[in-house]
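A note on names: the letters A, B, ... follow the listed sequences, proteins ahead of strands, and every chain is numbered from 1.
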Number of protein chains: 2
Amino acid sequence: MKSKNDKRPTIYDIAQALNIAPSSVSKALNDSPSVSEKVKILVRDKARELNYRHNSQAASLRKGTSRTIGVIVPKINSAFFSNAISGMEEVCFDHSHQLIICQTEESYAKEKQAIETLITNNVDCIIISQSIETKSDNHLKEVMKRNIPLIQFDRVNKSISCHQVVNDNKTAAYHAVKELLKQGYKNIAFLGGSFEMDVYNERREGYLQALKENGMMIPYDYVVAGIHSEQNGYDAASLLLDSQLSPDAFLTASDYIAFGVMKAVFDKALSIPDDVGVIGFANEPFSAMIVPSLTTVDQNSRAMGIETAKIYFDELMDSQKSNVPITKTVPCTIICRDSIRKK
Amino acid sequence: MKSKNDKRPTIYDIAQALNIAPSSVSKALNDSPSVSEKVKILVRDKARELNYRHNSQAASLRKGTSRTIGVIVPKINSAFFSNAISGMEEVCFDHSHQLIICQTEESYAKEKQAIETLITNNVDCIIISQSIETKSDNHLKEVMKRNIPLIQFDRVNKSISCHQVVNDNKTAAYHAVKELLKQGYKNIAFLGGSFEMDVYNERREGYLQALKENGMMIPYDYVVAGIHSEQNGYDAASLLLDSQLSPDAFLTASDYIAFGVMKAVFDKALSIPDDVGVIGFANEPFSAMIVPSLTTVDQNSRAMGIETAKIYFDELMDSQKSNVPITKTVPCTIICRDSIRKK
DNA sequence: ATGAAAGCGCTAACAT
DNA sequence: ATGTTAGCGCTTTCAT
């Protein structure tokens with residue numbers, strides 16, 4: 001299909017056709033001030049005529065910069081990440097940069113592989129949200145050692161000193177619990193994600209703080225770690241609802257977990273929100289579509305994506321700025337729906 | 001941040017350290033048969049020691065191939081596309097190729113831009129599912145003219161002669177309608193997407209054929225075009241439900257549209273599935289979560305992604321194979337749930 | 001089996 | 001303002 005002889009036109013072809021030097025063509029195409037308007041017009045017309053396209057590989061090789069940013073996320077098909085990516089894309093588009101997106105599917109091996117791929121492709125910056133499985137930070141250290149700008153977002157490893165964009169997870173969880181207390185719920189359980197990740201730990205802290213401030217007791221089994229899926233949520237909630245002191249409310253680490261909890265509650269013939277209140281995390285589209293609609297914490301993920309990409313363009317691109325890592329915090333918004341009582 | 005003097009190691013650094021020729025290093029790293037096992041080991045060890053990484057930009061420039069495939073889709077955050085992409089990624093990973101993903105957000109301008117970007121980045125192949133807005137095919141012709149292998153999937157333009165991977169949309173719609181008829185629904189409306197796209201036209205054909213075969217009349221207003229969103233679905237269904245001959249079933253072009261229809265039905269105080277049956281398309285996760293759960297057409301999108309990527313590796317990569325465009329058809333599966341009556 | 005040298009397409013010094 | 005030249009890092013003939 002791809003034949004070798006009808007090669008794509010280069011600046012040499014334009015130069016030859018116009019009887020000028022290739023460097024002048026390059027300058028003209030890059031709108032350099034040191035080339036006459038006349039030549040620019042000539043070059044641009046000829047380029048169009050020959051159907052010339054800039055070869056960014058060659059330019060990257062020469063310039064040592066690829067105008068490309070690598071993004072590593074666990075999944076692209078979750079509301080949180082796809083919105084964040086969409087936000088990054090918007091900013092990159094404005095700066096005529098582009099994104100290479102890698103999915104890890106929560107695997108550490110794939111995460112390491114993705115970093116190799118991105119290094120190999122000379123990306124100018126790596127943006128990463130870690131996978132659940134990731135324990136080590138060698139691969140991130142490797143990126144730093146190579147002086148490739150690194151930005152973490154959402155699922156960050158705080159021990160790595162680099163720019164970070166995170167939600168105010170603690171505050172969000174704190175307010176979510178306050179909301180539950182305000183509605184009169186008394187026994188609030190927390191089904192969190194991996195407790196090896198700061199995002200989830202912070203949510204737990206917010207949860208604990210809110211309860212402590214109100215002098216509530218927290219049975220040891222009310223805080224459950226390692227909950228990630230709808231099924232996990234269903235199982236954990238079923239267990240808790242059968243226990244001695246059955247919870248009357250759940251704060252969960254994701255809307256999917258929350259949905260599992262809701263199913264468990266219904267299976268016990270209890271009602272939501274009258275008997276049990278439920279709050280999720282992420283504001284997945286379905287959270288507004290189910291019955292009862294799910295109260296959830298919106299993480300403003302698009303804004304997070306925008307802020308993340310901006311760090312590169314504002315701080316990192318023209319390098320040699322501050323070496324002090326910035327941490328940006330994006331506030332969450334609690335979306336109150338029918339899964340908790342209304343005042 | 002990124003300083004110039006501590007540059008990344010190249011094959012020259014390895015060559016120098018080992019006192020051998022750069023070409024030998026290159027061959028060793030590529031496991032060429034014309035280099036001794038001894039040198040290979042030496043080179044690999046030194047490469048590890050120096051923390052060498054292959055520079056694929058340079059290699060691409062030299063070899064004229066980038067081991068990169070560009071994918072253009074309207075949205076990454078829909079079940080259909082993210083699953084398809086995931087399937088493509090799997091196949092690419094097995095062939096150590098990678099994906100550059102571009103979103104068009106249904107805009108023709110962005111679609112054109114994405115193609116420019118991909119050409120500029122020397123992708124070895126372009127995989128595209130067109131945006132709704134796209135009317136012209138100049139940008140696709142441009143790709144063909146450059147002898148860049150082009151594969152269309154799902155939302156294809158049949159007038160462009162290239163490889164295609166599609167669902168058996170007509171059959172799927174046909175069987176969906178048959179299913180509705182079997183359950184005793186009599187007045188079945190069709191809320192389709194853009195009628196300028198083959199996918200939607202084929203679904204309409206299947207719908208029409210099933211009804212005609214059963215000698216059913218189809219009021220002219222039962223076939224509605226240009227329906228894309230939940231809101232569109234809600235509006236169109238509301239109108240139809242108020243009309244003279246109110247439909248008792250809807251086949252829709254997406255689960256989101258179906259959800260809008262369901263809302264409209266409930267707002268008229270009608271019941272699903274007793275008064276009205278609804279079938280969607282795509283098997284979005286939420287379709288199983290809502291009440292009543294939504295009967296939908298699963299497009300086996302992951303399989304589509306896999307088949308699409310395979311076309312490149314099986315047919316196109318080693319070029320000069322057949323020039324005859326292949327069309328692969330991936331069957332759909334109807335997932336029967338509560339939104340239609342059960343026998 | 002190993003090495004020397006050319007060149008992929010572009011840009012950036014450095015002349016002129 | 002324009003042209004000459006070298007070189008980014010790699011692969012690939014072609015010699016040896």
Side-chain angles (χ1 to χ4, degrees), chain A residues 2-44 46-47 50-68 119-124 146, chain B residues 2 4-43 46-47 50-68 119-124 146:
Chain A
K2 199 165 192 169
S3 80
K4 300 288 169 189
N5 40 359
D6 62 339
K7 49 191 281 311
R8 70 191 257 179
T10 72
I11 51 173
Y12 281 83
D13 299 320
I14 299 176
Q16 202 162 33
L18 257 35
N19 240 308
I20 59 175
S23 59
S24 298
V25 176
S26 172
K27 286 173 198 153
L29 290 171
N30 289 305
D31 205 23
S32 153
S34 73
V35 70
S36 69
E37 205 53 44
K38 203 184 67 192
V39 170
K40 281 184 189 172
I41 293 172
L42 241 44
V43 166
R44 284 200 269 257
K46 186 56 79 180
L50 296 181
N51 214 4
Y52 167 84
R53 286 297 180 294
H54 181 248
N55 182 332
S56 54
Q57 306 244 47
S60 301
L61 182 59
R62 175 63 231 242
K63 290 198 291 191
T65 164
S66 62
R67 299 184 84 79
T68 293
I119 291 176
T120 277
N121 279 277
N122 289 327
V123 294
D124 293 341
R146 286 174 179 273
Chain B
K2 199 166 192 171
K4 299 289 168 189
N5 39 0
D6 62 339
K7 50 191 280 310
R8 71 190 256 178
T10 72
I11 52 171
Y12 281 83
D13 298 319
I14 299 176
Q16 202 161 34
L18 257 34
N19 239 308
I20 58 175
S23 57
S24 298
V25 176
S26 172
K27 285 171 197 154
L29 289 172
N30 289 305
D31 206 25
S32 152
S34 74
V35 70
S36 70
E37 205 53 43
K38 203 185 67 192
V39 171
K40 280 183 189 172
I41 293 172
L42 241 44
V43 165
K46 185 57 78 179
L50 296 180
N51 214 3
Y52 168 84
R53 287 297 179 294
H54 182 249
N55 182 332
S56 54
Q57 306 245 46
S60 302
L61 181 59
R62 176 61 231 244
K63 291 198 291 191
T65 164
S66 63
R67 299 185 82 78
T68 293
I119 292 176
T120 277
N121 279 275
N122 288 328
V123 294
D124 293 341
R146 285 174 178 274

Next item on the list: Please determine if a side-chain N or O atom of Y52(A) lies less than 4.0 Å away from the OP1 or OP2 oxygen of dC10(C).
Entry: yes
Check: T120(B): what forms a side-chain hydrogen bond (donor to acceptor under 3.5 Å, both in side chains) with it, not counting sequence neighbours?
Finding: none
Notebook entry, point to check: Listed in order of residue number, which residues of residues 35-43 of chain A have a non-hydrogen atom at under 4.0 Å from DNA chain D?
Noted result: V35(A), S36(A), V39(A)
Item checked: Shortest non-hydrogen separation from D124(B) to R67(B) and the atoms involved -> OD2-N, 2.8 Å
Check: Mapping T10(A) and N19(B) to their closest nucleotides on DNA chain C, which lands nearer the 5' end?
Finding: N19(B)
Checklist line | Exam field: side chain R8(A) to backbone I119(B), donor-acceptor pair closer than 3.5 Å | finding: yes
Next item on the list: Only counting residues at least two apart or in another chain, list the ones meeting side-chain hydrogen bond (donor to acceptor under 3.5 Å, both in side chains) with S36(B).
Entry: none
Give each protein N/O atom lying under 3.5 Å from an N/O atom of nucleotides 12-16 of chain C, with the pair distance.
from, atom 1, to, atom 2, distance (Å)
dA12(C), O4', R62(A), NH2, 3.2

Notebook entry, point to check: Rounding to a whole Å, what distance do you find between N55(A):CG and dC8(C):C1'?
Noted result: 9 Å
Margin query: Looking at every non-hydrogen atom in both residues, tell me the closest pair between A15(B) and A21(B) and how far apart they are.
Written below: CB-C, 3.9 Å
Item checked: Which residue lies more 5' along DNA chain D, comparing I11(B) with Y12(A) via nearest heavy atoms -> Y12(A)
Notebook entry, point to check: Taking only residues two or more places apart in sequence or in another chain, which ones pass side-chain contact (heavy atoms from CB on, under 4.5 Å) with T10(B)?
Noted result: K7(B), Y12(B), D13(B)
Notebook entry, point to check: Between atom NZ of K46(A) and atom CG of L50(A), what is the distance when rounded to the nearest 0.5 Å?
Noted result: 6.0 Å
Next item on the list: Of all the heavy-atom pairs spanning S56(B) and S60(B), show the shortest one and how long it is.
Entry: O-OG, 2.5 Å
Next item on the list: Considering only heavy atoms of chain A and a distance under 4.0 Å, specify the first and last nucleotide of DNA chain D in 5' to 3' order that meet this criterion.
Entry: dA1(D) to dG9(D)
Note to self: Going by the rule side-chain hydrogen bond (donor to acceptor under 3.5 Å, both in side chains), which residues pair with R53(B) if we only count those two or more places apart in sequence or in a different chain?
What the structure shows: E116(A), N51(B)
Just distance, no hydrogens or angles: give the donor-acceptor pairs under 3.5 Å from side chains in residues 24-31 of chain B, sequence neighbours left out.
from, atom 1, to, atom 2, distance (Å)
N30(B), ND2, S26(B), O, 2.9
D31(B), OD1, K40(B), NZ, 3.0

Item checked: Test side-chain hydrogen bond (donor to acceptor under 3.5 Å, both in side chains) applied to N55(B) - qualifying residues, sequence neighbours left out -> N122(A)
Check: Could you give the CG-to-P distance, from L18(B) to dA1(C), as a whole number of Å?
Finding: 18 Å
Next item on the list: Kindly say whether S32(A) contributes a backbone atom to a donor-acceptor pair with the side chain of S34(A) at under 3.5 angstrom?
Entry: no
Note to self: Just verifying a value: how many Å separate L42(B) CG and L18(B) CG, rounded to the nearest 0.5 Å?
What the structure shows: 4.5 Å
Checklist line | Degree of bending in the helix from dA1(C)-dT16(D) to dT16(C)-dA1(D) once both end axes are built from five pairs, to 10° | finding: 40°
